[in-house]
Amino acid sequence: MKNINQGSEKFKIREMIEINKTNTRSQYLEKLIPILLLSTAIVSVLTTLGIIFTLLKETIIFFERVSIIEFITAKEWLPFVPSDPSYGILPLISGTLLVTFIAMIVAVPLGLAAAIYMSEYATDKTRRLLKPILEVLAGVPTIVYGFFALTFVTPILKKILPELSIFNALSPGIVIGIMIIPAIASLSEDAMSSVPNSIREGALALGCTKLEVAIKVVLPAALSGIIASFVLAFSRAIGETMIVSVAGGATPVLSLDATQSIQTMTAYIVQVSSGDAGYGTTIYYSIYAVGMTLFLFTLLMNLISQWISKRFREEY
Amino acid sequence: MRILNNEQITNGIGRRLLTNKFTKVILFIATLFSLVVLAVLMYRIMNQGLPKLNLDFLTKFASRRPANAGISGALVGSIWLMIVVVPFSMVIGVGTAIYLEEYAKKNWFTSFIQVNIQNLAGVPSIVFGLLGLTIFVRAMDLDRSILAAGLTMSLLVMPVIVVSAQEALKAVPRQLGEASYGLGATKWQTIKNIILPAAIPGILTGSILAISRAIGETAPLIVVGALAFVNFYPSSIMDSFTVIPIQIYNWTTRPQIEFQEVAAAGIIVLLVFLIIMNSIAIIIRNKFNKRY
């Protein structure tokens, strides 16, 4: 350390800078590195293009064999009937939406309640305890939730509703709801925490109770973030695969009866993939058409969520 | 002049305070609900799985008879998969993050990449499986190998790694970089010697958390074609394989009730795997957490 103060050492640093400037190897690196890094960044763009290209290409082959009108309007999804297969996506969509709506009925009130509690009522200590638990809940693999739905939730529901079949929409719906609670809770809590305290204090000073502050002041101010979190959770529930594959059954039906076996879009893809539908068969291409539908649904939801949080954000 | 109307404030104040207290309790119970579910989930799985969990279970291969079923093939398969996922996803993810944070100019292309990554994070995992099936398994002819599955999973976790690495890079104070420039260092020297070392703990923590999600992921691997029944150890990245979650899925969907216990034991192994990964992430975060 002493040497640094000596004049000769100061000169050395200047010298080092000069050497550094003329070092050709490092000059090459300076030009090369940004190109390398840019190419890794382009991988993400290629991934998106790859997804769109893959889905489009195989879906087009599917539509050469099955008319797009039948795909959209037919009310039966019976690809495994060898003599007269029917490819109407509606039963898969209704199964998916049924499960998703059940999930939202569970997750929206519980997630929002947790968010309000954590942002408005909980002390710092409680919040620091609760947040990691929610993170753990979000980190549990979905196959574990599937196991839970089939071996625990379904038997319990069967005691309450004897007409429930072993595979049904209700049990995976509830479990998916539990799975997406953390997403709603933490995103909504973030939105509510970003409402400045001065607004809360103003309302409290005017004689509001904490509840009135939460419902009438904080909630409206954070509404865009909260709704964005709902839409995001909705999109995640639509794309959820293993829980419905394990506990939802494999019966594509166009009905809103939650006690009976259904099939979602994701579960159909899993069913075909884990069986042995040969490469090149119409069934093989049908999973891409279903995947395309699923992709469009979730993309739409994600775009809506981003638009809401941008368009209606209140800046303080 | 009175701004506040006392009558309005005290109007039904007792009832309003009571509602407030009551709602607080309700909200607290709703928050506890998640905790209770987590506890029940863990209790059920421990209860069913622990009796089955012994050295035999860890060292035996899958079997048609529940008494003989073991998880060793899947355990080794999961580790093989990580050998592919860790380098690929980290290089691509961290590289993208450095580019976006340090090099990219503020133009439409940069914001396009950024929005694109956000949207990729929202694509259902099974769609990545379809991508992997067409591109890696069929077009690149990697067949149903560990490499094909690993590349698919790398693309799946890449957006999460990018976002967390960007956060870590953003958290490094600008002065550090400026001091380095002031001493005559070039841009890459500054990034390599100053900014990256300061951001590494955050990058590692985020990456480990993202990769541990890949360990628990099932759906894309079913599509890419991991096997359901494996009685050998893979010996290279071109071998076919299975992983722990797929083995659990296979056991869960069997009709025999005894397989449920086997599945629960498999879940315990999976959760232990995940807990180890997460603990490493937490240790790194606490050990290297510097405040500037």
Side-chain angles (χ1 to χ4, degrees), chain A residues 17 20 26 29-30 33-34 37-38 40-41 43-45 47-48 50-51 54-55 58 109-110 113-114 116-118 121 130 133-134 136-137 139 141-144 146-148 150-152 178 181 206-207 209-211 235 239 241-242 246 266 269-270 273-274 287-288 291 294-295 298-299 302, chain B residues 4 9 16-17 19-20 23-24 27-28 30-31 33-35 37-38 41 44 91-92 95-96 98-100 103 113 116-120 122-127 130-131 134-135 155 158-159 162 183-189 216 218-219 222-223 228 245 248-249 252-253 260 263 267 270 274:
Chain A
I17 293 175
N20 200 12
S26 86
L29 265 183
E30 283 310 310
I33 293 287
L37 292 177
L38 176 64
T40 63
V43 171
S44 69
V45 179
T47 308
T48 308
I51 288 175
T54 305
L55 292 177
E58 312 282 38
L110 287 171
I116 296 175
Y117 183 79
M118 285 196 295
Y121 286 100
L130 285 173
I133 292 173
L134 283 176
V136 170
L137 209 60
T142 54
I143 181 68
V144 178
F147 176 82
F148 186 64
L150 183 69
T151 64
F152 183 71
I178 292 168
I181 286 175
L206 287 171
T209 64
K210 266 199 165 177
L211 176 66
S235 143
T241 310
M242 293 323 291
V246 169
T266 50
I269 299 175
V270 166
S273 304
S274 50
I287 61 175
Y288 288 91
L294 178 69
F295 176 72
T298 52
L299 183 69
N302 292 336
Chain B
L4 295 181
I9 292 173
R16 282 164 54 207
L17 283 174
T19 323
N20 179 39
T23 317
K24 182 180 171 181
L27 291 176
F28 183 62
T31 313
F33 176 81
S34 309
L35 203 153
V37 169
L38 193 64
L41 181 83
R44 281 280 301 185
V91 166
I92 297 172
T96 306
I98 297 174
Y99 176 78
L100 287 175
Y103 284 101
I113 294 180
N116 178 46
I117 286 168
Q118 259 180 43
N119 281 322
L120 267 187
V123 173
S125 60
I126 197 158
V127 174
L130 294 174
L131 170 77
T134 307
I135 305 284
L155 295 183
M158 180 253 304
V162 173
L183 286 170
T186 60
K187 188 154 194 172
W188 174 239
Q189 284 170 334
T218 322
I222 293 179
V223 179
I248 296 169
Y249 171 61
T252 307
T253 48
Q260 284 193 6
I267 289 175
L270 177 64
L274 291 178

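Note on naming: letters A, B, ... go to the chains in the order of the sequence lines (proteins, then strands), and numbering restarts at 1 for each one.
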Chain A contact via [X] - side chain, backbone, both or neither, heavy atoms under 4.5 Å:
X	result
B:Ile92	both
B:Tyr103	side chain
B:Leu120	side chain
B:Thr23	side chain
B:Leu270	side chain

ask   = Once you round to the nearest 0.5 Å, how far does CG of B:Leu41 lie from CG of A:Leu137?
value = 8.0 Å

ask   = Who passes side chain to side chain donor-acceptor pair (under 3.5 Å) against A:Thr142, sequence neighbours left out?
value = none

task = Using the test side chain to side chain donor-acceptor pair (under 3.5 Å), find all partners of A:Tyr288 that sit at least two apart in sequence or belong to another chain.
result = A:Tyr284, B:Thr134

key: Interface moiety of A:Ile287 toward chain B, non-hydrogen atoms closer than 4.5 Å   = both

Under 4.5 Å from any heavy atom of chain B - which part of A:Leu150 = side chain

request  = Verify side-chain hydrogen bond (donor to acceptor under 3.5 Å, both in side chains) between B:Thr186 and A:Glu30, making sure each step is shown before the conclusion.
outcome  = CA-CA 8 Å; B:Thr186 60; A:Glu30 283 310 310; 2.6 Å; yes

message = Looking only at heavy atoms and a cut-off of under 4.5 Å, which of B:Ile267, B:Leu130, B:Val127 has the most pairs with chain A?
response = B:Leu130

key: Polar side-chain atom of B:Asn119 near backbone of A:Asn302 as donor-acceptor pair, under 3.5 Å   = no

